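Quick note: residue numbers are just sequence positions, from 1. In listed order, ligands and their atoms are each counted from 1. Remember, it's a predicted structure, so these values are computed and weren't measured experimentally.
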Amino acid sequence: MNGQPDANNVLRSTQIVIEQALRKLGYGDEMIALLQEPIRMLTVRIPVRMDDGTTKVFTGYRAQHNDAVGPTKGGVRFHPDVNEDEVKALSIWMSLKCGIADLPYGGGKGGVICDPRKMSFRELERLSRGYVRAISQIVGPTKDIPAPDVMTNSQIMAWMLDEYSRIREFDSPGFITGKPIVLGGSHGRETATARGVAVMIEEALRTKGIPLQEARVVIQGFGNAGSYLAKFMNDAGAKVIGISDVNGALYNKEGLDIDYLLDRRDSFGSVTNLFENTITNEELLELECDVLVPAAIENQITSVNAPKLKAKIVVEAANGPTTLEATRILTDRGILLVPDVLASAGGVIVSYFEWVQNNQGYYWSEEEVDTKLKKMLLRGFQQVYEVHQTRGVDMRLAAYMVGVRKMAEAVRFRGWV
Ligand code: GLU
């Protein structure tokens, strides 16, 4: 693509920035070789009895980037485009998020190649349980702790928890996070990613001197992160002028009726199919606005559309929405970029709170969760912004430097490199 076959390979791009970050921090080739790839990658086949009596065999993955700091942690996505390189890259990004937030974890990630939109409730249950049986040897509350990600939710976490507890023959709520509250979930986990992105938007606006009440926000994606974010921005007085889903996008320069859209969206975040006057996803990204939030999937802002973006700030709620070349273009154009590994760390931070509460058997209020979340994210933003300014590197490289530092130190103390 664009004469650069590798430009959109998320693993390759991540490895490039990991290398740059480690070199800037003064580490050599061995550390780079270790941290550019997961230490462990499991591929599994999951036979699932479908409702029509046939058996379908699904492929799944679990990647564990590095456990020098502590157990690995990260979500499981159910999506037709899941692949090995993507899961590996996602596990590295989890390490960076945990590093930036200073959580006692390394990164992990899982995925199953499937389309949950085309599966029944019971088929999804059997797939979720089958996945846990397939990976049970390498996961656990002190080994590797899964969580929700794209198209997985608290119901899927509940099935996975139940399957794991049956295999291990004891109740183990700390095995997985993002659970329903009644099964040991945390208040504020469902909305945590969006809460975190909202905090980052406020900080970025402050840095640019734009009042929140005057901000025009465009959000690509109306799933867990995008939809709650639209609500938070709307409630805070900002104008959400554009949103999108897989089918198309909606635009109203006076601001969209977010409560109405939330009410009508389905559980996968689809809502635009109810409207006739839609614009395309490409048009949405190029709208004149203050804040653009890609909250869907990878490689949405590329060298092709980056020169045409009219946003002043880009806050990445999705994992990997901007290519490296696009990062360079946005930085050169003076657009403030809050990278994914910082902006979307809210989810894993509250997952950490959930795990802590499970370990203690003592549960916190939503206010307590929100206050602690905000504090951690603000510290993360300040650190990354400071490295960006003092070391003269772009925001993504700055985030990688902050994110990988603790892990590299832990690796060295353990004597691995
Ligand atoms: N899947 C989320 C992420 O990409 C959350 C992971 C977690 O809560 O462990 O950050």
Quiz item: Relative to the ring of W364, is the ring of F353 parallel (under 30°), tilted (30 to 60°) or perpendicular (over 60°)?
Solution: tilted
Exercise. If the plane angle is over 60° it's perpendicular, under 30° parallel, otherwise tilted; pick one for F232 and Y228.
Key: parallel
Quiz item: Among all protein non-hydrogen atoms, which one is nearest to atom 10 (O) of ligand 1, and what is the separation to 0.1 Å?
Solution: K97 NZ, 2.8 Å
Quiz item: What do you reckon, does P148 put a non-hydrogen atom under 4.0 Å from ligand 1?
Solution: yes
Self-check item: For atom 8 (O) of ligand 1, the protein heavy atom that lies nearest, with its residue and separation
Solution: S351 OG, 2.5 Å
Quiz item: Which residue holds the protein heavy atom closest to atom 7 (C) of ligand 1, what is that atom called, and what is the gap in Å?
Solution: A147 CB, 3.3 Å
Quiz item: In terms of side-chain geometry, is the basic nitrogen of R412 or E409 positioned less than 4.0 Å from the acidic oxygen of its partner?
Solution: no
Practice problem: If you have a sec, work out which protein heavy atom is nearest atom 4 (O) of ligand 1 and how many Å separate them, to one decimal? | Solution: K109 NZ, 3.0 Å
Quiz item: What residue and heavy atom of the protein are closest to atom 9 (O) of ligand 1, and at what distance?
Solution: K73 NZ, 2.8 Å
Quiz item: Should the pair D29-R23 be classified as a salt bridge under the 4.0 Å nitrogen-to-oxygen rule?
Solution: yes
Quiz prompt | G74 to ligand 1, any heavy atom closer than 4.0 Å | solution = yes
Quiz item: Which is closest to atom 5 (C) of ligand 1 in terms of heavy atoms, M157, R77, R189, E354?
Solution: R189
Quiz prompt | Cationic N near anionic O, under 4.0 Å, D51 to R122 | solution = no
Exercise. For the pair E298 and R77, find out whether any cationic side-chain nitrogen is under 4.0 Å from an anionic carboxylate oxygen.
Key: yes
Practice problem: Answer side chain, backbone, both or neither: which part of L90 comes under 4.0 Å from ligand 1, heavy atoms only. | Solution: neither
